[in-house]
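Worksheet for the structure shown next.
Here is the naming used below: chain letters follow the sequence lines, and residue numbers restart at 1 for every chain. Keep in mind that this is a model prediction, so the values were computed, not measured.
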Amino acid sequence: MPLLDVAGLRVAFGDHEVVHGISLRIRPGECVAIVGESGSGKSVTARALLGMAGAGARTRSDRLRVLGRELGSASERTWRDVRGRQVGLILQDALVSLDPLRPIGREIDDPLRIHERMPPAARRARVLGLLARVGMPDPEFAAGRRSGELSGGLRQRALIASALALDPPLVIADEPTTALDVSVQARILSLLDEIREAGTGILLISHDLAVVSRLADRILVTRHGEVIEDGTADDVLRSPREPYTRALIAAVPTERPRGTALAVATSAPAAIPGPPPTGVPIATGSDAPERPPLLRFDRVAKGFSVPGGRLLAVDDVSLALRPGETLGLVGESGSGKTTVARLALGLTAPDSGVVLLDGEAWSSRPERERRPMRRRIGAIYQDALSSFDPRWSVGRILADAASVGARGTGRPAPRVEDLLDQVGLVASVARRRPLNLSGGQRQRVAIARALAAEPDVLICDEPVSALDVTIQAQILDLLDRLQRRRGLAMLFISHDLGVVRHMSDHVAVMRAGRIVESGGTEAVFAEPRHPYTAQLVADAPRLTP
Amino acid sequence: MPTATVTTLRPWRRIALPAIALVSAVALAGCQAAEPDEASGDPVEGGTLVYASGDAEPTCLDPHVGGNYPQALLAGQFLESLVSRDTSGEIIPWLAESWEPSDDGLAWEFTLREGVTFTDGTHFDAEAVAVNVEHLKDPATQSSTGYLAMGKVDRVEAVDDLTARFVLTAPDSALLESLSQPWTAMQSPAGIARGMEENCEAPVGTGPFIVGEWVKQDHVTLVRNDDYSSPPADAGHDGPPYLDAIEWRFVPDAASRYAALQGGQVDVIDNPQPDTIAAAEGDDVLTWIDAPRPGAANRIELNSGQAPFDDERVREAFIRAVEVNDGIDALFFGTAERSYSALSSAEQLAYSDEALFEPDLDAANALLDEAGWTDRDADGIRMKDGVRLTLRFPVSTNQSIPAEQSLFEQVQATAKQAGFDVAIELLDLSSWYSALFAHEYEIVSAPYTKVGPDVLRILYHSDSITPAPSGYFANLAQLDDPAVDALLTEAASTSEEAARADLYRQAQERILGGYYLLPLYDQQNSFLLDARVEGARTMPTVSTPTFYDAWLAG
Amino acid sequence: MLAAGAVFVMWAVATLTFFAIRLIPGDPAEAILGGPGSQASQEALDQVRRDYGLDQPLLVQYLAMLARLVTGDLGTSYALRTPVADLLGGQLGGTMLLAVLALLVAWILALGLSLWSTGRARVAAAVGEGIELTAAALPHFWLAAVLIAIFSTGLDWFPPIATGTPAGLVLPVATLAIPLAGFLAQVMRESLLDALQQPFVVSARARGENTTGLRLRHTIRHASLPAISLSGWALGWLLSGAVVVETIFAMPGLGRTLLQAVTLRDVPVVTGVVLLVALVYVVMTVVTDVASRLADPRLRQEGAR
Amino acid sequence: MSELELRQTTVEASAEHLGPRRRRMPRAGTVLAVAFVAFLAVATVAPSLVWTQDPNRIAAADAFESPSLAHWFGTDESGRDVYSRVIAGTASSLLIGVSATLIGLALGLVLGVLASFGGRVLDFGVGRVIEVLFAFPGLLLALLVIVVAGPGPVTATIAVGLSTAPGYARIIRGQLVGIRSSHYVEAARVLGHSPGRILARHLLPNALVPLFVLATLGVGQAIVWAAALSYLGLGAQPPAAEWGAMLAAGRTYLPTAPWLTVFPGLMIVGTTIATTMLGRALTRRGREGR
């Protein structure tokens, strides 16, 4: 008997149907993955399987059986009995998926309290046992912590423990590793693997094929609320039938060398119109090592006060970014990458050492003098939306930036349409507000804004980590093309090794504020010298059919 | 809201009462006249009466210090004066059994009651009277009302144990009236000797009650004086009071006070709103005591010291223009009677002249035209030489009840028809006095309570225009008429009754005839009592309630 | 730092009050001599001015006041002739009891209302919102009169004047609490709605938690957070309201003392009340700060960073 | 490529709008609120169009009449028509409410801007000033202002405005600090914009929108506080028909003539509710985009 047996599941909000008849089965010890991009209906599907599609949602199905019990028209009371006892749910980002105001012990205890009549002492022992099972060091201590007081990996473990509290036969994991560092992600995936080995059925939901490929026995590829491909993991990854599946696979940047396009050409315009090359000869990093660096960090250190001392976020960092070159900076969260970006942008001053722009003082200048030079360094952020004034339209944002680029140069400011065109957006986007754009479009607007001031250096801080893989691929391709065309120097910061490897000429690996290894990209990744780099490379998710 | 059905009750003092009136209250239920309640039965001993006062809480319980009405209300329960007044205005014995002025009027000998002791055990004797008068006249006591009352007293000599001789600097026909007031009541010399701070907390007198505990802003407890032996000549019984104690609470909000009375939480309230007095009519369990304060009537004074009211025609125009009778009826629900006198109807010598105050808009307009206020601006306000006919009217929110403030609004509205712009300014007490002291007013209404017609001298003698060091002056009409001055001065030193009455009558005719004031009604002084309170009455001196004869029935 | 801030606030409050009262028309010497309109003699006025140092230059008086305050001496009431510290010491308890009870009741009412109405059908939500807005717009003096009319005169459940009995506190507390509850409920509703959108609510429901459990164990805490941090402000607001409420219900307290002292120009008492209220506010700020941190571990971390 | 993404966006966006929380249909309450505010506007601009008689016409003989066809809201203690007085009071009540709120907001804005832009020292100083203002009980501040400057609607307005200022200042400061550390302000700095330009183009406009909503609540509150001052006898001066003053004056007669306070009270409550609902509706629209 399958743990879960669903046929023809449809979910609609009002008269707008978002899931159009999904069918799937999960047997004990089996992991079935649903893969798709944002808006493909995967999360709604997961919730519908718990009877929680949301207020205003209508769920219909030909069959919806959990452990053989038909729940198609179950009451809320019946569903509550299913939830937590027969089906556990693991969500993305335990920081917000666990109540930040309650100790995790209480959160894990909840299913026990709700579904079982157990004396408190027994429940307590069970909670500690669960925490030990998911690999939480010092369960006693951890049980009293709140999610905000634990590291990302540990709190994700706690979230898993709360889903496993009553050993439900089926676990639904909705993007369980998104937003985690690669090494943590690898460990969480191993934990899920152990659970599956123990006989629990897992429904894994992710936008990332590489994550799914580690675990899944079957893969369902969904798009716009429909399953477009369904097969064993091997079949889907090795011989995808659908072009969309192929595009998804192609978009994974991990092992694609520099200079190859990631996005499948069907949806990209053939050529990117825009201003002709600025005359700077296009140079790849290895060609011109002798050119003086545009941006240079010389033994820069920056610390912050924390209780009980000072945290060195950036510790004795030296970097050189040459014209036309992309320098990748990779490291896990908290390693100091973002502080490097802020130092480069002159938003914060180093405690010691200097940052030089084009050989001239940059970090040491008073803000008043630095201000006119600022247009030479542009920036792209992870969360493009928050970098736009919510009241401004795209056109106003771009015109504002363009006016800065033209200031004092006597050149006419670039036209908004041209800027949009350059990043592959139609002119009508100018009238819209960023809030009403998709993630990819927003990031394109952000790029257009950064380029509008015609900078020499572009600082990209995790520019694609919030995007779906196919969109990520398009943005990376766009950045790559624009950089080559304009001869920009680019500092590319990411926690994603695959992305950095794909984009960078040189790479620097950062850990706890220090550069532990740097060099030519291929050299570093092919033969990492530092053990930390080696571990990072090993943990990076890749397609493993 | 029945407004017309309320029987306009006659103030008790006009009713011929037996010499010893047990009940001077008017039972509203059934509107019987103020006959003693037949069914009330014999007095019952014991119980605590709860009194809720809407007057300000005194800052000092010793009425010698300062000297205002809230102090008098409380002091009447535990302090006693040398003399009192009966309902006909005659001075009657209290702590003094008899008195005799010298022929030249410059010395008065008082024979004191024998065997009276203060509640601290001190004997009441002539020496004690001397100490009290000295206390009143000592600047350190900070007395103002009592100090003024003793203005012509030079000193008191103890002739013997029970004979006190008042030595005056000038004849004073108002001396007995002055001495009947609670502000000149007798306190234990030992109590006074404790110093102001302690004496303010709990003055020691000879009265029927003793000050127990004073919880600031909450209540004063008054407990029975078991050794009490000195009731005034018009009291209902001898010996100690019936009540065990009085709980004297301070409840500033009138609606709360009335609600507490209705709910039986308190037994007596003062300063009831007129509408609640009327509403109590339908209520069998409430009794109304209407006891207008003596001294001046409530009136609007016209500042004749400056333009535009330095012109008598303008003053008359204002008085003729203003229409208040309907307003008084509606706002006071028939509980207040229109006055046409400068003096309270509690004063025997009050002189009324209704004809002077007959509203006549045409006459008012004619007078104003004649006085040169011929132009009108867009609002219909009269102008003269570019100046608007504006009358500043500071109103003290501490002294005027809402109904009175509404009445002033009606004054404002009716005066506007003749082209007056009345600018009412609601002020707190200090700001109100400041406005008066700075002469920033054309019309004003200020109460003044005093026993006897001598109040006229305080309010209308030109000497009262000169401000005291603090800026205070009582002659708010700034009436400066040598003829009035002469009449009032002479009256004050004339002790022959008929001559004195005639002098005061002439003075009042002149004052009213000069259109210096618009009388409204007596100073409203009402009490609502739970029907189980029997025997309570107000003192015929300054109309403060006394609970010596009171008991709680049932 | 905290202590320095508190001292600064107290100093500034004392200074402002001192000079503000000097701007008020009315002579403090008169306040001493029986209040406004006194007919005190010149000698008495001079005597009092000398005794109280009112003949000194303003600056000297100001410094003298500061010197006294530093030693904890609030001076002597002009009107009541008792030490201000004793006077206020007797009043503080009642007012604080009133304010704290009102705060608690407002909290409970607001929590109940917002928990009941948030996230429900539109009709219930609209009713809840309507109640909140109406409650918040009720002036104290009017509400008090209505409550007395209903619960004292009408039903005879509670006495209209508070004589120190627990029953007497019911109406004053309700008068203060109801408008405040309207405010707090609005704030709580916002954070409740926010909390209900959070993923942890999905997690909790997925464990089988029912609606009631969800509200009691999860969202109630989130709803409380902004209300906790508002409590310092709310207490100040309640103390303002106490001026009116204490007058209507005839309760002894700081509010009534203040009103009377302002009317009588009793400078030491006004200064004393203001300082006391400022002190309560400062203490309350610290308390709410600590309480917020206790309730929300995220704040502790933010503070640490 | 862009077509594809746009299509996807449309799907996302519509899914979002059809979701449980946000709906674009104007709510019935909003419609009512608009209607009420429109009525208030008429009563403010041309009260004589909607009143039935002269609001200050005294007819002592007609005092305390309960609501009837002749007098929709009854008559007051001087026989004036309560309905007409309520209408006549709209302008001055709203003037008090709106100007007190504006004063509070303006002062709050100055303090808030100084605190968030004047550097550390000024921030500390202004922070303390706000603390001090907060430490004064609002009504006391108002009392002091009134006693110093004399009573009347103008001082009452200033007093209420002053006492609300610290609250606004704190909120504005919080807003500005939040916006100042936002990514879009950082983006503007990276572009090389000057602080003045950032203040004018980003900070103020973004801080003012939530303040607007706050202010809608504040108007009603200001009227209520002014009413409390009237109760203490320090508010509007007669014969001005002002809701707060009417409420305070009529309170005396609550047991016998409740209509004297009920109707002005309803106007205050109604105004508060209507403006608040409008404010919320506007924020909702702002949040959902245009």
Side-chain angles (χ1 to χ4, degrees), chain B residues 50 52 56-57 59-60 65-68 71 138-145 147-148 196-197 200-201 215-219 247 249-253 255-266 396-398 428-438 446 468-474, chain C residues 24-27 29-48 76-82 87 90-91 94 141 144-145 148-149 152-153 156 158-164 168 171 244 246-253 256-257 259-260 262-266:
Chain B
V50 184
E57 179 177 11
T59 55
C60 171
V65 177
N68 58 22
Q71 284 173 306
D138 182 357
T141 306
Q142 302 168 6
S143 173
S144 63
T145 312
Y147 180 84
L148 284 180
M196 190 197 288
E197 197 178 314
C200 275
E201 284 287 313
V215 180
K216 297 273 163 63
Q217 290 190 351
D218 198 41
H219 71 277
E247 189 178 299
R249 306 203 70 92
F250 304 103
V251 183
D253 190 89
S256 309
R257 241 177 2 255
Y258 182 64
L261 178 70
Q262 280 183 307
Q265 207 184 356
V266 302
S396 159
T397 51
N398 304 68
D428 75 313
L429 197 57
S430 296
S431 307
W432 182 73
Y433 274 117
S434 298
L436 299 191
F437 298 170
S470 62
Y472 181 87
F473 63 101
Chain C
I24 295 177
D27 183 351
E30 263 182 69
I32 299 166
L33 291 171
S38 94
Q39 296 149 51
S41 64
Q42 190 62 51
E43 300 86 59
L45 284 171
D46 289 346
Q47 180 69 36
V48 160
T76 301
S77 159
Y78 289 168
L80 294 167
R81 298 175 181 80
T82 44
L87 186 74
Q91 314 284 21
F141 65 86
I148 288 178
S152 297
T153 312
D156 201 17
F158 305 109
I161 60 176
T163 51
L171 295 184
V244 171
E246 286 171 359
T247 304
I248 292 181
F249 292 99
M251 309 171 75
R256 217 167 133 198
T257 308
L259 194 60
Q260 188 187 333
V262 169
T263 311
L264 295 176
R265 307 293 184 259
D266 195 341

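When each of B:Asp253, B:Val251, B:Val50, B:Leu261 is tested with C:Ile161 by the rule side chain to side chain contact (heavy atoms under 4.5 Å, CB included), just one qualifies, namely B:Val251.
Contact tally against chain C (heavy-atom pairs below 4.5 Å) for B:Arg249, B:Met196, B:Gln262, B:Arg257: the top residue is B:Arg249. Most heavy-atom pairs under 4.5 Å with chain B, from the set C:Thr153, C:Ile248, C:Ile148: that is C:Ile248. No other option in C:Asp156, C:Thr257, C:Thr82 has as many heavy-atom pairs under 4.5 Å with chain B as C:Thr257. Of the listed residues (B:Lys216, B:Glu57, B:Gln71), the one with the most heavy-atom contacts under 4.5 Å to chain C is B:Lys216.
If you measure heavy-atom distances from B:Val266 to chain C, the contacts under 4.5 Å come from the side chain alone. For B:Ala140, no part lies near chain C; criterion is any non-hydrogen pair under 4.5 Å. Residue C:Glu246: no heavy atom, backbone or side chain, is found under 4.5 Å from chain B. Both the backbone and the side chain of B:Ala259 come within less than 4.5 Å of a heavy atom in chain C.
For the residue pair B:Gln265 and C:Pro159, the shortest heavy atom distance occurs at NE2-CB, 3.1 Å. Considering every non-hydrogen atom in both C:Ala162 and B:Asp218, the closest pair reads O-OD1, 4.4 Å.
Residues B:Pro252 and C:Arg256 meet the side-chain proximity criterion, which asks for heavy atoms closer than 4.5 Å. Inter-residue side-chain proximity for B:Thr59 and C:Gln260 is flagged as met; some heavy-atom pair is nearer than 4.5 Å.
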